[in-house]
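Accompanying notes for the structure given below.
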2 protein chains.
Amino acid sequence: MRNRSSITIKELSTRLGLSTATVSRAFTPGARINDATRSRILAEAEALGFSPNSNARRLAQQRSGLIGLDCPGNFNILDNLFLVELARGIQAAASSSGYGLLLNTLPRDGGDVTLLREWVHGRVVDGVVLVLPPGFPMETLKILAGRDVPCVVIAQNDERATPLRRVTLDLEHGALAALRHLRLLGHRRIGFLSSNPPDSVHRAYTEFMKADNLFDSSLIAYTDASVASARNAMHQLLAVSDRPTAVFARNDVIALGALRAAREMGLGVPGDISVIGHDDIVLAGLTDPALTTVRVDTERLGRIATEMLLEAMQPNAANAEADQELKVHTELIVRDSTAPIARAVVTIHAGENVLA
Amino acid sequence: MRNRSSITIKELSTRLGLSTATVSRAFTPGARINDATRSRILAEAEALGFSPNSNARRLAQQRSGLIGLDCPGNFNILDNLFLVELARGIQAAASSSGYGLLLNTLPRDGGDVTLLREWVHGRVVDGVVLVLPPGFPMETLKILAGRDVPCVVIAQNDERATPLRRVTLDLEHGALAALRHLRLLGHRRIGFLSSNPPDSVHRAYTEFMKADNLFDSSLIAYTDASVASARNAMHQLLAVSDRPTAVFARNDVIALGALRAAREMGLGVPGDISVIGHDDIVLAGLTDPALTTVRVDTERLGRIATEMLLEAMQPNAANAEADQELKVHTELIVRDSTAPIARAVVTIHAGENVLA
DNA sequence: TTGTACGCGTTATCAA
DNA sequence: TTGATAACGCGTACAA
């Protein structure tokens with residue numbers, strides 16, 4: 001048997017000549033209790049180093065005071081900066097309502113949602129924020145059905161709709177803002193450095209360019225999310241006749257490769273060519289020139305999802321509106337890597353290539 | 001009263017014609033129970049979507065299954081990349097022993113260790129990893145005294161010793177490796193970009209240089225951790241007669257500023273001047289040239305601290321060795337920003353300045 | 001405003 | 001190997 005190093009509410013009550021009920025009330029916000037006795041109790045508790053045993057409390061209250069964050073397929077949330085930022089928002093919202101945050105971990109015995117099942121069926125958590133990767137099998141979520149544990153799903157907007165509370169990321173919003181920004185600067189030959197597989201940002205680009213009759217498939221190059229690969233892709237874009245005067249990269253690391261390739265070709269950024277990134281990672285503010293990019297307010301995404309969850313956890317509005325959806329959009333951050341189109345290049349568009 | 005959406009162990013037992021005790025045993029690893037009955041129970045549980053209520057379990061077992069990470073002064077752990085990496089290691093070690101991780105949050109009512117007190121006195125967690133900032137008042141830790149909640153402290157090695165289990169970071173190890181690396185490449189005029197306040201890395205530099213009779217206070221410049229400020233400091237270093245042929249920066253962001261200043265002065269890195277950073281942030285692998293730097297294996301730091309904690313949490317070895325200390329040292333990562341000293345500069349050392 | 005007494009769902013002890 | 005039952009420490013009707 002363990003060393004019982006902590007006082008219980010019972011000992012405290014006898015010591016004060018009160019009942020356990022009264023002592024309990026002293027720790028319950030809004031309970032009917034005389035102010036004087038409450039402070040007498042709290043003072044004694046303070047002196048003795050007493051706090052109500054949280055495990056007993058949780059059992060009696062039928063709630064754990066914990067919110068879970070689960071990302072099936074991502075064994076360790078903290079490995080992924082996107083998820084860290086998301087968790088930051090969730091943690092902020094949760095803690096300001098008195099909830100703790102629990103992160104998913106490697107399941108001990110294999111199954112991908114073993115932990116989630118334990119969380120929900122064992123009432124380890126009072127609510128769950130679920131980040132679903134593209135293509136996640138929805139049948140797996142049956143384990144949530146009929147339980148008293150609300151759940152909010154975070155997914156990108158290309159995911160097919162789910163009959164759950166969800167917050168989705170509207171990537172098109174920021175992408176279109178970036179493209180419009182370039183058009184306002186006079187650019188017409190706008191390249192796109194895509195990461196495989198093409199997603200809603202890519203689609204936004206395609207539709208935007210087509211709508212303006214500017215689409216040209218040779219303005220698109222594919223790369224993975226490494227500087228080296230992006231550099232190659234950028235060189236490829238710069239090699240086409242009538243080269244782009246601006247390039248939109250699917251993410252900031254790719255944009256960094258583009259910056260490097262441009263420098264290698266002797267092109268000044270933004271003087272000779274404009275570059276826009278995506279995601280606004282820390283790096284983006286540190287490049288030379290500082291990168292214009294599209295910011296994904298991931299922390300806000302997490303906060304909003306959590307607020308939605310907390311509301312669903314209210315005992316009254318329980319099952320009402322179990323199918324609402326919220327959108328969080330991305331936005332353009334203008335820094336120093338974009339500028340009006342250069343005069344010389346405008347000439348090119350007029351007919352002949354005066355460079356190289 | 002809440003909707004009781006979950007089955008209890010009692011219902012399950014009557015449904016199976018067994019006692020609650022037996023059903024409970026089915027979920028206890030290593031309990032004396034007939035294999036056949038166990039699988040019968042588990043099958044039925046699976047079918048009904050039953051998991052033992054964790055809150056009741058925690059109360060009966062007198063343990064929460066949670067480990068807490070507290071960093072007094074840092075309201076949000078996830079804001080700080082160092083702490084995130086640390087948490088990653090803690091999470092990994094904790095979860096592989098079946099523990100969950102709880103992060104500190106903004107205390108609701110002000111006090112700096114309010115939450116820690118609640119955690120320990122209320123037995124919210126079974127153990128605590130405590131990251132202490134320099135100068136943290138040790139008296140505050142009285143709240144841990146006499147409790148059955150073990151604690152491991154993580155601190156830098158300049159902290160005065162505490163009578164607690166602790167893991168400290170040996171920053172000198174990597175710093176000296178970096179300096180030796182430069183010496184082996186032939187450098188003698190080695191600059192140091194220090195961040196205020198001077199710490200053990202700074203001290204390691206000073207002692208190393210003095211031991212080799214190379215110390216010169218004009219080789220040291222102070223800067224805060226911004227690119228702009230570091231750039232200025234580097235220009236200052238480059239302006240001294242007999243300029244350094246290598247520079248050691250207190251962190252990678254500062255090193256980035258140094259890289260930029262060098263380029264502005266027309267100096268090639270590493271051809272004309274070598275640069276070493278510190279911390280090995282993601283950025284370090286993406287600069288041009290890729291940055292040689294000192295890596296702090298923060299994740300390992302967290303893992304080791306947690307393993308120490310888990311051992312202290314074993315019921316048997318409870319209070320034994322409550323004063324052990326472990327050291328985790330930093331190490332040099334050689335990339336492309338360091339090279340042997342250039343011939344021309346060697347000439348300078350011979351007597352006259354042929355540059356500028 | 002306070003006290004009594006029961007319930008929360010499991011685990012652990014002891015006997016069968 | 002199984003069953004009956006007492007903790008575990010606290011919240012909360014209900015009554016006073």
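Keep in mind that this is a model prediction, so the values were computed, not measured. Numbered from 1 within each chain, the chains take letters A, B, ... in sequence-line order.
- In terms of heavy-atom proximity, A:L130 sits nearest to A:P72 at CD1-CD, 4.2 Å.
- Among the nucleotides C:dT11, C:dT2, D:dG9, the one closest to any side-chain atom of A:N34 is C:dT2.
- When rounded to the nearest whole Å, the span between CZ of B:F27 and C1' of C:dA12 equals 17 Å.
- Atom pair A:E11:CD and D:dC10:C1' shows a separation of 14 Å (rounding to whole Å applied).
- Looking at the side chain of B:A21, the nearest of the listed nucleotides D:dG9, C:dG3, D:dG3 is D:dG3.
- Taking side-chain N and O atoms only, A:S19 has a distance below 4.0 Å to OP1 or OP2 of C:dG3.
- Distance alone, capped at 3.5 Å, is enough to place a donor-acceptor pair between the A:R88 side chain and the B:L78 backbone.
- Both B:L18 and B:A60 lie close to DNA chain D; mapped to their nearest nucleotides by heavy-atom distance, the more 5′-ward contact belongs to B:L18.
- Taking only side-chain nitrogens and oxygens, A:Q62 comes nearer than 4.0 Å to OP1 or OP2 of C:dG9.
- Here A:I67 contributes atom CD1 and A:L103 contributes atom CG; the two are 12.0 Å apart, rounded to the nearest 0.5 Å.
- Between the CG atom of B:N55 and the C1' atom of C:dG7 there is a distance of 15 Å, given to the nearest Å.
- Regarding B:N53, its CG atom lies at a distance of 6 Å from the C1' atom of C:dG9, rounded to whole Å.
- The nearest whole Å value for the distance from the CD atom in B:Q61 to the C1' atom in C:dG9 is 12 Å.
- At whole-Å resolution of the value, CD1 in A:I9 and P in D:dT12 are 11 Å apart.
- Expressed to the nearest 0.5 Å, how far CG of A:L132 lies from CG of A:L141 amounts to 6.0 Å.
- Here side chain to side chain donor-acceptor pair (under 3.5 Å) pairs that include residues 23-41 of chain A, with residues two or more places apart or in two chains, number zero.
- Backbone-only engagement by A:T37 is indicated by non-hydrogen atom pairs under 4.0 Å involving sugar-phosphate atoms exclusively.
- If you find the closest nucleotide of DNA chain D to B:T22 and to B:L59, the one lying nearer the 5' end belongs to B:T22.
- For the pair B:R63 CZ and C:dT10 P, the computed distance is 16 Å after rounding to whole Å.
- At the phosphate of D:dG11, OP1 or OP2 sits under 4.0 Å from a side-chain N or O atom of A:S24.
- Looking at A:R25, its side chain comes within 3.5 Å of the base of C:dG3 through a donor and an acceptor atom.
- Nucleic acid contact class of B:G122 (heavy atoms, under 4.0 Å, all strands): none.
- A sub-4.0 Å separation between OP1 or OP2 of D:dT1 and a side-chain N or O of B:R32 is absent.
- Per the geometry, NE2 belonging to A:H121 stands 14 Å off P belonging to C:dT10, to the nearest Å.
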